Amino acid sequence: MSIKPYDLSDAVSYHTGAFPPEAFDYAALLGPLEEAAASLARYDAKMANMVNSELFLAPLRRQDAVSSSRMEGTISTIEELYRLEAEEDAGASDPYREARNDDVETYLYSRALRNAQQALAEGAPLSEHLIRTAHQQLLFLGRGARKRPGSYKVEQNYIGDDRRGKIYYVPIAPEQLAPAMSGLLQFINGSTMRPLIKTALTHVEFEALHPFEDGNGRIGRMLITLMLWKLGIICQPNFFVSGYFENHKDEYIERMRAVSARGDWTGWVVFFLQAMHAQASVNIETADKIFALHSDMRERFRVALNSQFHDQALDFVFASPIFRNDRFVDRSGIPASSARSLSRRLSETGMLRTIEPAAGRRAALYAFDPLLEILKV
């Protein structure tokens, strides 16, 4: 955006030469660091001990996509995200055509994170290539497609309030970005700093660099999840913190600005560690609710379906709480004739809500509301 009409009186500029910081108030970090590490360890142990933990992690991943996108003014819901996934999964020729831009952007965030996690799991390094690939996938369609997906900025960008005409932060200049990004990746992969502190510093530095024309916040929050796993803090690349940042957005922004304004790296790290602790507790609570629902529904599905395939049906609707019936028939692992009968019975008993009835060659679209209710943010 052009800078001329904007008020720069309260703007803070990038902290050239100050990253990584030389010193912290480690006494202030000790308590929050121990608390965050313990909470993350509890979360990781719970996920590791769950049978088929992906059933419980996948909903948390979608929930994070909604929260992270909402922080950027993209308003979507968990149901809309799952519905768009269902349409693509069902092989729709253009699953995005009738979707709102906000829902498409949230879906692309979820997919980009999933692909980045898969790349790391297959041995890819946490590199500029991985970050730029995630950005390219994030802005693949919609409004972001015009904002150089996968490429660094070539013009100065700003962080502010368009409606009020205020600039709050001036990131690094484009001509200084390449060495700064290289230095950030060297820090990520080479520093011997405590992993949680390193992750905190990486996030705030990435946001301060603001290397892309758009999508920086979402990629920066994605980096947190990827680093926690890559650095061995969690056993799977599945921890999501956007919910806390969304609920404390004003402090989140001010703590990051204070790094450049006053060199308050310690204050930022303390805030970040508090976020890790609080969000780990929330994620555990949400996972417990999903697990309890799964246990309760297992008996209800058994009684309602009176079929040897009740467990397969249950796991399918937890993995895809919105789905086209032909996907259930094809992918649930249940013989086709039985699958059709079971989905019909679930619909007739009210355990599935019919969003769209079958019409011609288009299969019915169903929703499993009990799980969607837990995930609403």
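Remember, predicted model here, so these are calculated numbers, not experimental data.
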Can you check side-chain contact (heavy atoms from CB on, under 4.5 Å) on M276 and Q279, steps first, answer last?
CA-CA 5 Å; M276 295 295 105; Q279 192 65 51; 6.0 Å; no
Exam field: side chain H203 to backbone G220, donor-acceptor pair closer than 3.5 Å
yes
Between F19 and F187, what is the ring plane arrangement, given parallel below 30°, perpendicular above 60°, and tilted in between? perpendicular
Applied to residues 321-349, the ring-ring contact (aromatic ring centres under 6.0 Å, His included) test, sequence neighbours excluded, yields F316-F323, F316-F328, F323-F328, F323-Y366
message: Please check: side-chain N/O of T266 versus main-chain N/O of D25, any donor-acceptor pairing under 3.5 Å?
response: yes
Residues passing the side chain to side chain donor-acceptor pair (under 3.5 Å) test with S337, sequence neighbours excluded, are none
Margin query: Does any part of the side chain of L273, heavy atoms only, come nearer than 4.5 Å to the side chain of E35, both counted from C-beta?
Written below: no
Name every donor-acceptor pair, under 3.5 Å, that has one atom in a side chain of residues 126-133 and the other anywhere in the protein, sequence neighbours excluded.
{"from": "S127", "atom 1": "OG", "to": "H129", "atom 2": "N", "distance (Å)": "3.4"}
{"from": "S127", "atom 1": "OG", "to": "L130", "atom 2": "N", "distance (Å)": "3.2"}
{"from": "E128", "atom 1": "OE1", "to": "Y152", "atom 2": "OH", "distance (Å)": "2.5"}
{"from": "R132", "atom 1": "NE", "to": "G150", "atom 2": "O", "distance (Å)": "3.0"}
{"from": "T133", "atom 1": "OG1", "to": "H129", "atom 2": "O", "distance (Å)": "2.8"}

Query raised in the report: If only atom types and distance count, is the side chain of N157 paired as donor or acceptor with the main-chain N or O of H210 below 3.5 Å?
Result: yes
Practice problem: Answer yes or no: is there a donor N or O on one side and an acceptor on the other, between the side chain of S320 and the main chain of I322, under 3.5 Å? | Solution: no
Scanning both residues in full, the closest heavy-atom pair of K230 with A124 reads NZ-O, 3.3 Å
Is the side chain of D296 donor-acceptor paired with the backbone N or O of A292 at a distance under 3.5 Å, no angle test?
no
**Report entry** Crowding at CZ, R298 (>12 non-hydrogen neighbours, <6.0 Å)
**Finding:** no
By side chain to side chain donor-acceptor pair (under 3.5 Å), R300 pairs with (sequence neighbours left out) none
Note to self: Looking at L40, is its backbone amide N or carbonyl O close enough to the side chain of D44 to form a donor-acceptor pair, meaning the two atoms are under 3.5 Å apart?
What the structure shows: no
Below 3.5 Å, can you tabulate the donor-acceptor pairs from side chains in residues 167-175 to any protein atom, sequence neighbours excluded?
{"from": "Y168", "atom 1": "OH", "to": "R164", "atom 2": "NH1", "distance (Å)": "3.1"}
{"from": "Y169", "atom 1": "OH", "to": "S260", "atom 2": "OG", "distance (Å)": "2.8"}

Q) Less than 4.5 Å apart, any side-chain heavy atom of F239 and any of I224? A) no
Plane angle bin for H135 and F212 - parallel if under 30°, tilted between 30 and 60°, otherwise perpendicular | parallel
Quiz prompt | Donor-acceptor under 3.5 Å (T354 side chain, E356 main chain) | solution = no
**Message:** Is there a continuous path of hydrophobic side-chain contacts, each under 4.5 Å between heavy atoms, that joins Y26 to V269?
**Reply:** yes
Requested in this report: Evaluate the criterion side chain to side chain donor-acceptor pair (under 3.5 Å) for residue pair N216 and E207; output intermediate values, then yes/no.
Outcome: CA-CA 7 Å; N216 294 286; E207 296 302 332; over 6 Å; no
Min side-chain heavy-atom separation M227-K198 under 4.5 Å: yes
For E299 and R302: C-alpha separation, side-chain torsions, deciding distance, then whether salt bridge (Lys or Arg N to Asp or Glu O under 4.0 Å) applies. CA-CA 5 Å; E299 176 62 16; R302 185 188 67 79; 2.6 Å; yes
All heavy atoms of G333 vs all of Q312, minimum pair found to be O-NE2, 4.5 Å
d(R340 CZ, D326 CG) to nearest 0.5 Å is 9.5 Å
Please say yes or no: joined through hydrophobic side-chain contacts below 4.5 Å, possibly via intermediate residues, are V317 and V329 part of one cluster? no
Given 3.5 Å as the limit, does a donor-acceptor pair link the side chain of K147 with the main chain of L139, or not? no
Margin query: Looking at L201, is its backbone amide N or carbonyl O close enough to the side chain of W265 to form a donor-acceptor pair, meaning the two atoms are under 3.5 Å apart?
Written below: no
Q. Side-chain heavy atoms under 4.5 angstrom apart, residues restricted to Ile, Leu, Val, Met, Phe, Trp, Tyr: same cluster for I253 and L223?
A. yes
Determine the interplanar angle of the F368 and F301 rings, folded into 0 to 90°, and report it as parallel if under 30°, tilted if 30 to 60°, perpendicular if over 60°. perpendicular
Taken in chain and number order and not counting sequence neighbours, the residues that satisfy ring-ring contact (aromatic ring centres under 6.0 Å, His included) with H248 are Y244
Would you call K46 and D288 a salt bridge, taking side-chain N to carboxylate O under 4.0 Å as the test?
yes
Electrostatic pair E254:R257 at N-O distance under 4.0 angstrom: yes
Original post:
Do T202 and T199 come close enough that some side-chain heavy atom pair is under 4.5 Å?
Top reply: no
Output for pair (F291 CZ, I374 CD1), nearest 0.5 Å, gives 12.5 Å
So does S343 get a backbone contact from the side chain of S347, meaning a donor-acceptor N/O pair under 3.5 Å? no
All heavy atoms of F272 vs all of L196, minimum pair found to be CE2-O, 4.0 Å
Parallel, tilted or perpendicular: which one describes the rings of H294 and F318, with boundaries at 30° and 60°? perpendicular
| Salt-bridge present (R345, E348; N to O < 4.0 Å) | no
